[in-house]
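Worksheet: the structure to be examined is printed underneath.
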Amino acid sequence: MSTPHVKTCSLVLLFLSCFHISAQEQNASAGFKVEEVVTDLTFPWSVAFLSNNQMLVTERGGTLRHVVNKTVSKPIAGIPDDLYVKGQGGLLDVVLHPQYRQNGWIYLSYSSGTDSNNTLKVIRAKLRDNQLVEKQDIFEVLPYRDTPVHYGAKMVFIEDNSLLITSGDGFDYREDAQRDNNQMGKILRVLDDGSIPLDNPYIGETEKNLSAAVFTKGHRNPQGLVYDLNRNKVFSHEHGPAGGDEINIIKMGKNYGWPIITYGKDYSGATISPFKSYPGMEQPLVDWTPSVAPSGMAVYYGSLFPQMRGDLLVSTLKTKEILWIKMRGDKVVEQQSLFADLGYRFRDIKVHPDGSLYLLVDSAEGKILRVTPQIN
Ligand SMILES: [Ca+2]
């Protein structure tokens, strides 16, 4: 427990983040009923609920499926033909337009290109007869890169109907997270048609300025992104290197520090930066050292688990659990490990309109679990 740690989390939180796993392990699923809703999925990556009994599911290998009750469709036709599936890349997030019921727009993020020249793209389309129609290009992250990892790729609509998109640093391009006129290692903001909002913080003077789409900078590989309507705040989390995974409250125009400040080290054990704080750079709300590998996040306002109201729920790959981040106001008061006894790598967590939790199991034998209260 080094001194710099104490600067960002209270002693209570530090204790919990270090020991919550062993303390809670036996009871990781007590009080919860876990059922399999969909099986036979291959590396499911994200879900979007079209209604109470219908959802869309992406599989990273390049399929989008429509699930009605528990029946899974054949792959939906019309996936972009420039899809690049390798490493962490492929078909990634799916989100709905806030007025989906009126306009039918479905947004998809995916990696596009080749080994030597690829990037993250976003399209929107409508679903008709198990086919994507009226496809429109919404965004492509520039510049292209030659690594198949750290795409970010999460999307969320915020209160003004603009769309936030997380963009990772490509692993080999960490310095780009601080670089102007560059969209890697950033959270980007566009309007629903892909155009640039005029109030973006680095709008600049010309359309050629790649900073114009930038909402926040200094990110590594952000894969959790939620808009909390009740707090009117955006929460994100990102993978650190060895240690240094973070949750941040995302505010327009702020710098989240990577790679100038971090609580993590390089995988080799080498120091990335001597700095854990720096003037003008934001401190994380939560630092996970050692890493948990946070993969997805939800904020809970459903009716089935009143004890979770206003709390964050984080899926993890490395520690194979759901972390229940208990909040008081905007502060974290406790973290509790859930579902570690199941032994799954969790790719994402979503709150269904009925208040149940949907957990995506990251596996070649992937599945979707539904969690409701255990009635004894
Ligand atoms: Ca940071």
Side-chain angles (χ1 to χ4, degrees), residues 2-10 13-14 17-18 141 149-154 156 164-180 182-189 201-202 211 214-228 233-267 270-297 312 314 316-319 323 325 327 330-332 335:
S2 59
T3 310
H5 245 118
V6 180
K7 286 179 188 167
T8 53
C9 43
S10 70
L13 175 57
L14 180 64
S17 68
C18 292
V141 171
V149 291
H150 289 205
Y151 291 101
K154 288 289 167 109
V156 74
L164 300 184
I165 305 164
T166 68
S167 168
D169 71 352
F171 190 85
D172 284 352
Y173 305 93
R174 62 168 70 144
E175 307 301 334
D176 284 1
Q178 292 292 331
R179 201 160 274 152
D180 292 335
N182 184 302
Q183 295 168 342
M184 294 173 77
K186 311 292 191 318
I187 295 179
L188 308 166
R189 174 172 174 247
Y202 309 105
S211 298
V214 172
F215 190 66
T216 56
K217 57 184 166 183
H219 300 284
R220 188 170 179 273
N221 187 23
Q223 296 206 302
L225 185 66
V226 296
Y227 172 60
D228 182 334
K233 284 194 162 59
V234 175
F235 293 90
S236 180
H237 64 51
E238 59 187 72
H239 297 272
D245 296 351
E246 303 178 345
I247 298 179
N248 290 290
I249 297 179
I250 299 301
K251 296 175 183 164
M252 182 164 80
K254 299 290 187 185
N255 186 335
Y256 290 83
W258 176 256
I260 294 174
I261 59 172
T262 178
Y263 289 85
K265 289 186 177 297
D266 219 337
Y267 294 118
T271 298
I272 290 169
S273 166
F275 302 111
K276 293 182 166 63
S277 64
Y278 204 81
M281 295 184 180
E282 300 301 299
Q283 282 293 306
L285 182 68
V286 171
D287 159 54
W288 286 295
T289 302
S291 293
V292 299
S295 54
M297 181 161 55
L312 299 172
V314 174
T316 74
L317 296 165
K318 187 176 177 197
T319 52
L323 289 170
I325 313 293
M327 308 284 290
D330 295 343
K331 297 272 187 287
V332 176
Q335 298 186 45

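Atoms within each ligand, like the ligands themselves, are counted from 1 in listed order. The basis for the numbers below is simple: all heavy atoms, side chains too, and nothing from hydrogens, waters or symmetry mates.
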- Task: Check the angle between the aromatic planes of F171 and H150 and answer parallel, tilted or perpendicular using the 30° and 60° thresholds.
- Result: perpendicular
- Task: Only pairs at least two apart or in different chains count here, so list each salt bridge (charged side-chain N to carboxylate O under 4.0 Å, His left out) that has a residue in residues 247-266.
- Result: R174-D266
- Query: Do D176 and K186 sit within salt-bridge range, that is, some charged N less than 4.0 Å from a carboxylate O?
  - Reply: no
- Query: What residues, two or more places apart in sequence or in another chain, satisfy ring-ring contact (aromatic ring centres under 6.0 Å, His included) together with H239?
  - Reply: none
- Note on the structure: Of all heavy-atom pairs linking W258 and E238, the shortest is CB-OE2, 4.5 Å
- Residues forming a side-chain hydrogen bond (donor to acceptor under 3.5 Å, both in side chains) with Q178, sequence neighbours excluded: N255
- Task: Keeping waters out of it, list the protein N, O or S atoms under 3.0 Å from the Ca ion (ligand 1).
- Result: E246 OE1, E246 OE2, Y256 O
